[in-house]
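Read through the structure below, which is laid out as structure tokens, and then see the notes.
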Amino acid sequence: MSETPAISAEFIERRDPRTQSQGVEPGYAHTAQRWPSQPLQRRPLTAAELSGPRDLTRRLPRVRGDLAGYGDKRAIGQLIHLRTRVVDEDGAPVPGAVVEIWHCNAAGRYIHPNDTHGAPVDPNFYGAARLVAGDSGLVELRTIKPAAYPVPDAAGWWRPPHVHFSVWGRVWLSRLVTQMFFPGEPLNEADAILNAIRDPEARARCIARLAPTAQGPQDALVFEYQIVVRGRKAASSLP
Ligand SMILES: [Fe+2]
């Protein structure tokens, strides 16, 4: 039996903590539930953790490539196309990455029992998709732009419009959970989650780019976004 490989210390140290969320944020009670309360301990990963499962895309198949719908089933809101590219630290595409995407509707409401926001549910909008990156690392989603929403019991804090991402690598333990923001949104400046990243360049990498409208489809705005999955410019982990 081969010796269990250890986490590369070099890999861990290449991550600049200023580019990552600071963990428990004052004023955002949920971060205390989503962050370890004890200091992290480094332990070697097992062979199974480093190699399994063998076929992630079969266990996590593609689900919906379109959240906006058409005609009578069209979700309410501004139609957008999200063009997200998954790349490694050298900018090379990561084909086969499983990308889960979810966001609230155009009134700021999630389809989730924990969402007690009084905004209306849109019966034509579910709000979650799972895609698999192609050879160029690209995943494309047709959807509607999510709205801002107030954080309950948070003294007037509103989340800016944002999209949640979960990116799986080849194995279960290779997973990045993060959020994408929209350019030019005034609420970005005060958002406790976005600003939990201390490095301004790392924050800027969390904001999508609006593609030139003359080049896109007539009925939708196109937002381009890049997720770097490792290395010094790796996307920030955000809850
Ligand atoms: Fe959210």
Side-chain angles (χ1 to χ4, degrees), residues 19-35 63-64 66-68 75-84 86 98-131 139 141-168 175-197 202-210 221 223-227 234-239:
T19 68
Q20 300 299 313
S21 168
Q22 299 297 296
V24 178
E25 280 296 315
Y28 183 25
H30 286 150
T31 54
Q33 300 162 10
R34 297 172 183 172
W35 213 261
V63 181
R64 300 183 197 92
D66 183 334
L67 300 180
I76 293 171
Q78 166 67 60
L79 189 61
I80 64 171
H81 289 193
L82 277 183
R83 293 172 55 86
T84 304
V86 184
V98 176
V99 180
E100 295 168 311
I101 303 174
W102 65 101
H103 64 81
C104 65
N105 70 19
R109 179 78 182 262
Y110 286 96
I111 302 292
H112 193 281
N114 288 353
D115 190 343
T116 56
H117 183 200
V121 168
D122 181 346
N124 294 320
F125 183 73
Y126 179 74
R130 185 190 295 130
L131 306 168
V139 293
L141 181 66
R142 179 178 176 274
T143 184
I144 51 96
K145 186 178 178 186
Y149 59 81
V151 178
D153 305 319
W157 172 23
W158 279 64
R159 294 299 327 279
H162 61 279
V163 177
H164 296 264
F165 280 85
S166 154
V167 182
W168 298 89
R175 188 186 186 201
L176 169 71
V177 178
T178 188
Q179 298 184 18
M180 183 209 91
F181 297 80
F182 290 86
E185 293 288 340
L187 291 170
N188 287 348
E189 305 298 322
D191 183 53
I193 291 181
L194 178 57
N195 291 281
I197 306 164
R203 277 203 302 278
R205 290 196 290 271
C206 294
I207 298 174
R209 170 181 173 271
L210 176 64
L221 294 175
F223 288 94
E224 297 174 335
Y225 187 52
Q226 178 169 276
I227 297 179
S236 308
S237 293
L238 295 173

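Note that this is a predicted model, so its numbers are computed, not measured. Counting starts at 1 for both ligands and their atoms, in listed order.
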Closest non-hydrogen atom pair, W157 against R159:
CZ2-CD, 3.6 Å
What orientation do Y110 and Y149 show, parallel under 30°, tilted 30 to 60°, or perpendicular over 60°?
perpendicular
Quick one: sort the H103 and F125 rings into parallel, tilted or perpendicular, breaks at 30° and 60°.
tilted
Work out the angle at the Fe ion (ligand 1) between OH of Y149 and OH of Y110, rounded to 10°.
100°
Could you tell me whether the side chain of C206 reaches within less than 4.5 Å of the side chain of L238, counting heavy atoms only?
yes
Quick one: angle H164 NE2 - the Fe ion (ligand 1) - H162 NE2, to the nearest 10°?
90°
N/O/S from H103 sitting under 2.8 Å away from the Fe ion (ligand 1)
no
